[in-house]
Novice: 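This is the structure, below, for whatever I ask next.
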Amino acid sequence: MKKLTVQLIDIALILLMNIFFLHLSVPIAIISSLIIYLGIYSFRVYDTQTMKSYTESLIKTTVGTLISFIVILIIYFFLSKYFNRYFFLSNLLFTILILPILHKIEYNIYEKHMPVKNYLVIGRKNEIGHIMEEISEKTLNKIKFTQYINPSPATLEEIMKQNAQKTLSQTIHGIVITDPKLEERVKPQIQNYKAEGLEIQYLPNMVEKYLKRIPIEVAEKFKEYYEVVFQGVQATPSQKIIDKFFGTILLILSSPFMLIISLAILIEDGKPIIYKQKRMGKDEKIFIMNKFRSLKEAEINPDDPNVDIEKRVLKSGKIIRKLRLDELPQFWNIIKGNMSIVGPRPEMLEFHNIMSSHIPFYNYRLKLNPGITGWAQIHFKHTSTLEDYTKKTEYDLYYVKNRSLILDIQIMLKTLETMLGMRGAR
């Protein structure tokens, strides 16, 4: 079961229902079906863990469908005569009654019939084993790493000879290179096996595909590769235009909410309403970031700026922080050009100084403009420890390396899920 196949089946079913049951015109049916699909997609309905749980799938499908209706209502306002009057009720019932059951069935088929792949690992288990175990867990143990070797040509050839005599369930289906230095010892043999059709994988490809981050220890193992990749990263002119356009639109649309938030903060705790703070931006250029003030004023501890932070939260601050409404003034930063809608989170200078000296590759996250939301923000919680910052940096590095318009759209959609408290953290 491939996720893309499941998604195409869902789009086709919704489309057919709208054409043959509601008798919508083909263009209207296609547009509305794609919007509904994007709505449920944004709430991670197609994640394997979601499909595994009928309850979670039902909740996320329902919320995603309702969110998509907000967008469709705009089209409906102008083109209501092209819609069936039962459109919203029919699509809601169809998505919440059919899709969660269908996804559960598809997951069961996947779990039952998906073959297990066994890999031989060129690397040391004590160095990389925990990452390989995480990949196995993410793939529901459909990918297994059965043997780790610190190879010589003779030992590798002996293992592959033994492999030819094993049963199908024990057969090695591929080799994973987790250490380029160890690969050098057996490179000719690896190339021969590849020519014979054996699958040869490199650890960076596997961790990015299954873990959606770049673990620091993997980046260090493949340092030459990642340094070349990150040095070539740069923002595109089209991204700057998109940021300024949508930043302006969002600033205008959010202005009523900003007025209400301003009055709430003013009544509760007086001025200042807007909190201005120096943050580290693209290419290590410092800029002033704007936020609604959600905390009572206090002296910042340079060693731990987040110490006692929860004790200083305003009553209004609890709400705007949970919904991320304290970030709204940053649309002005986007218009000015020192932030993007999507990007690595801009850090306080105190944290930046600590982390840049302790986390390898940390400064590569500054190759792009910082963002209001980002890949790390939707996957990982608010951080204050070095261990947590390291993990969050791994997600930032993945985004910097793999940034695309599609990934940005995916992040923006999934940010809605985080804002509604269904997953993730600030």
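No hydrogens, no waters, no symmetry mates; every other heavy atom, side chains included, goes into these values.
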Novice: Would you tabulate the side-chain donor-acceptor contacts of residues 120-130 under 3.5 Å, counting partners in other chains and residues two or more places apart, or write 'none'?
Specialist:
unit_1 : atom_1 : unit_2 : atom_2 : d
Glu127 : OE1    : Lys221 : NZ     : 2.4
His130 : NE2    : Glu217 : OE2    : 2.6

Novice: Determine whether Tyr210 and Glu137 satisfy the following criterion, side-chain contact (heavy atoms from CB on, under 4.5 Å), listing intermediate values before the conclusion.
Specialist: CA-CA 10 Å; Tyr210 295 112; Glu137 290 173 5; over 6 Å; no
Novice: Does the side chain of Thr95 reach to within under 4.5 Å of the side chain of Ile36, using non-hydrogen atoms?
Specialist: yes
Novice: Using a cut-off of 6.0 Å, state whether more than 12 heavy atoms not belonging to Lys142 lie near its atom NZ.
Specialist: yes
Novice: Before you tell me yes or no, could you show the steps for Val233 and Lys401 under side-chain contact (heavy atoms from CB on, under 4.5 Å), namely the whole-Å CA-CA distance, both residues' side-chain angles and the distance that decides it to 0.1 Å?
Specialist: CA-CA 7 Å; Val233 171; Lys401 179 179 180 291; 5.7 Å; no
Novice: Find the distance between CD1 (Ile261) and OG (Ser294) and round it off to the nearest 0.5 Å.
Specialist: 10.5 Å
Novice: Is there any side chain to side chain donor-acceptor pair (under 3.5 Å) pair reaching into residues 191-205, and which pairs are they, with sequence neighbours excluded?
Specialist: Lys117-Glu199, Tyr119-Glu199, Glu183-Tyr202, Glu199-Gln201
Novice: What pairs with Lys391 under salt bridge (charged side-chain N to carboxylate O under 4.0 Å, His left out), at least two apart in sequence or on another chain?
Specialist: none
Novice: Excluding sequence neighbours, so at least two apart, what forms salt bridge (charged side-chain N to carboxylate O under 4.0 Å, His left out) with Asp408?
Specialist: Arg403
Novice: Decide whether Thr393 and Asp396 meet the rule of one side-chain donor and one side-chain acceptor closer than 3.5 Å.
Specialist: no
Novice: Would you say the side chain of Ile286 lies within less than 4.5 Å of the side chain of Arg279, judging by non-hydrogen atoms?
Specialist: no
Novice: Does atom OH of Tyr82 have more than 12 heavy-atom neighbours, drawn from other residues, nucleotides or ligands, at distances under 6.0 Å?
Specialist: no
Novice: Can you give me the closest heavy-atom contact between Leu22 and Asn84, atom names plus distance?
Specialist: O-ND2, 3.3 Å
Novice: Does Leu263 reach the side chain of Ile273, with side-chain heavy atoms less than 4.5 Å apart?
Specialist: no
Novice: Got a second to check how far Leu73's CG is from Ile35's CD1, nearest 0.5 Å?
Specialist: 10.5 Å
Novice: Can you confirm whether the side chains of Asp243 and Ser340 place a donor and an acceptor under 3.5 Å from each other?
Specialist: yes
Novice: Less than 4.5 Å apart, any side-chain heavy atom of Lys278 and any of Ile288?
Specialist: yes
Novice: Under the side chain to side chain donor-acceptor pair (under 3.5 Å) rule, collect the residues that match up with Thr236, sequence neighbours excluded.
Specialist: Ser238
Novice: About how many Å separate CE of Met289 and NZ of Lys336, when rounded to the nearest 0.5 Å?
Specialist: 12.5 Å
Novice: For the OH atom of Tyr54 and the NZ atom of Lys104, what is their distance to the nearest 0.5 Å?
Specialist: 11.0 Å
Novice: Output the distance between atom CD1 (Ile354) and atom CE (Met348), rounded to the nearest 0.5 Å.
Specialist: 9.5 Å
Novice: Going by heavy atoms in the side chains, are Lys52 and Asp47 under 4.5 Å from each other?
Specialist: no
Novice: Would you find a donor on one side and an acceptor on the other, under 3.5 Å apart, between the side chain of Arg365 and the backbone of Leu397?
Specialist: no
Novice: Rounded at 0.5 Å granularity, tell me how far CD1 in Ile40 sits from OG1 in Thr61.
Specialist: 5.5 Å
Novice: Quick one: does any side-chain atom of Asn333 pair with a main-chain N or O of Asn290 as donor and acceptor, under 3.5 Å?
Specialist: yes
Novice: Between the side chain of Ser80 and the main-chain N/O of Phe77, is any donor-acceptor distance below 3.5 Å?
Specialist: no
Novice: Report yes if the side chains of Thr65 and Leu92 come closer than 4.5 Å at any heavy-atom pair, otherwise no.
Specialist: yes
Novice: Judged by atom type as modelled, is there a donor-acceptor pair below 3.5 Å linking the side chain of Lys212 to the main-chain atoms of Lys209?
Specialist: yes
Novice: Which heavy atom in Tyr226 sits nearest to a heavy atom in Ala219, and how many Å separate them?
Specialist: CD1-CA, 3.6 Å
Novice: With Tyr76, which residues qualify under ring-ring contact (aromatic ring centres under 6.0 Å, His included), at least two apart?
Specialist: Phe83, Phe88
Novice: Is it the case that the side chain of Lys244 and the backbone of Ile335 share a donor-acceptor pair, with hydrogens and angles ignored and the cut-off at 3.5 Å?
Specialist: yes
Novice: Once ring pair (Phe, Tyr, Trp, His ring centres under 6.0 Å) is applied, what residue pairs with a partner in residues 324-346 remain, sequence neighbours excluded?
Specialist: none
Novice: State, to 0.1 Å, how close Pro360 and Ile216 come at their nearest heavy-atom pair, and which atoms those are.
Specialist: O-CD1, 3.4 Å
Novice: Would you check if the side chain of Arg293 reaches a backbone N or O of Tyr275 as a donor-acceptor pair within less than 3.5 Å?
Specialist: no
Novice: So, for Ala29 and Leu24, which heavy atoms are closest and what is the spacing to 0.1 Å?
Specialist: CB-CB, 4.2 Å
Novice: Where do Phe21 and Ser90 come nearest, in terms of heavy atoms and distance?
Specialist: CE2-OG, 3.9 Å
Novice: With sequence neighbours excluded, tell me which residues meet side chain to side chain donor-acceptor pair (under 3.5 Å) with Thr139.
Specialist: none
Novice: Below 6.0 angstrom between ring centroids: does that apply to Tyr389 and Phe351?
Specialist: yes
Novice: Does the side chain of Asn338 pick up a donor-acceptor pair with the side chain of Asn369 at under 3.5 Å?
Specialist: no
Novice: Are any side-chain N or O atoms of Asp179 and backbone N or O atoms of Lys181, one a donor and one an acceptor, separated by less than 3.5 Å?
Specialist: yes
Novice: Would a distance-only check, ignoring hydrogens and angles, find a side-chain to backbone donor-acceptor pair under 3.5 Å from Asn91 to Phe87?
Specialist: yes
Novice: Could you verify whether a donor N or O on one side chain and an acceptor N or O on the other, from His103 and Asp10, lie under 3.5 Å apart?
Specialist: yes
Novice: Is it the case that the side chains of Tyr37 and Gln7 hold a donor-acceptor pair, with the cut-off being a distance below 3.5 Å and no angle test?
Specialist: yes
Novice: Taking NZ, NE, NH1 and NH2 as the nitrogens, is one of them in Arg345 or Glu327 under 4.0 Å from a carboxylate oxygen of the other?
Specialist: yes
Novice: Under the rule for salt bridge (charged side-chain N to carboxylate O under 4.0 Å, His left out), what residues qualify as partners of Arg213, not counting sequence neighbours?
Specialist: Glu134, Glu394
Novice: Quick check: do Leu314 and Leu295 have side-chain heavy atoms less than 4.5 Å from each other?
Specialist: no
Novice: Counting only N and O atoms by type, is there a donor-acceptor contact under 3.5 Å from the side chain of Ser254 to the main-chain atoms of Phe257?
Specialist: no
Novice: Restricting to non-hydrogen atoms, name the atom on Tyr107 and the atom on Met51 that form the minimum distance, rounded to 0.1 Å.
Specialist: CB-O, 3.9 Å
Novice: Apply side-chain contact (heavy atoms from CB on, under 4.5 Å) to residues Met132 and Tyr148 and explain how you reach the verdict.
Specialist: CA-CA 11 Å; Met132 313 312 285; Tyr148 294 75; 3.2 Å; yes
Novice: Going by ring-ring contact (aromatic ring centres under 6.0 Å, His included), name the residues that satisfy it together with Tyr364, two or more places apart in sequence or in a different chain.
Specialist: Phe230, Phe361
Novice: When you measure from the side chain of Ser33 to the backbone of Ile30, do you find a donor-acceptor pair of N or O atoms at a distance under 3.5 Å?
Specialist: no
Novice: Could you pull out all residues at least two apart from Tyr362 that satisfy ring-ring contact (aromatic ring centres under 6.0 Å, His included)?
Specialist: His352
Novice: Hey, are Thr50 and Ser57 close enough side-chain-wise for a donor-acceptor pair under 3.5 Å?
Specialist: no
Novice: Would you please name every residue forming a salt bridge (charged side-chain N to carboxylate O under 4.0 Å, His left out) with Glu184, sequence neighbours left out?
Specialist: Lys187
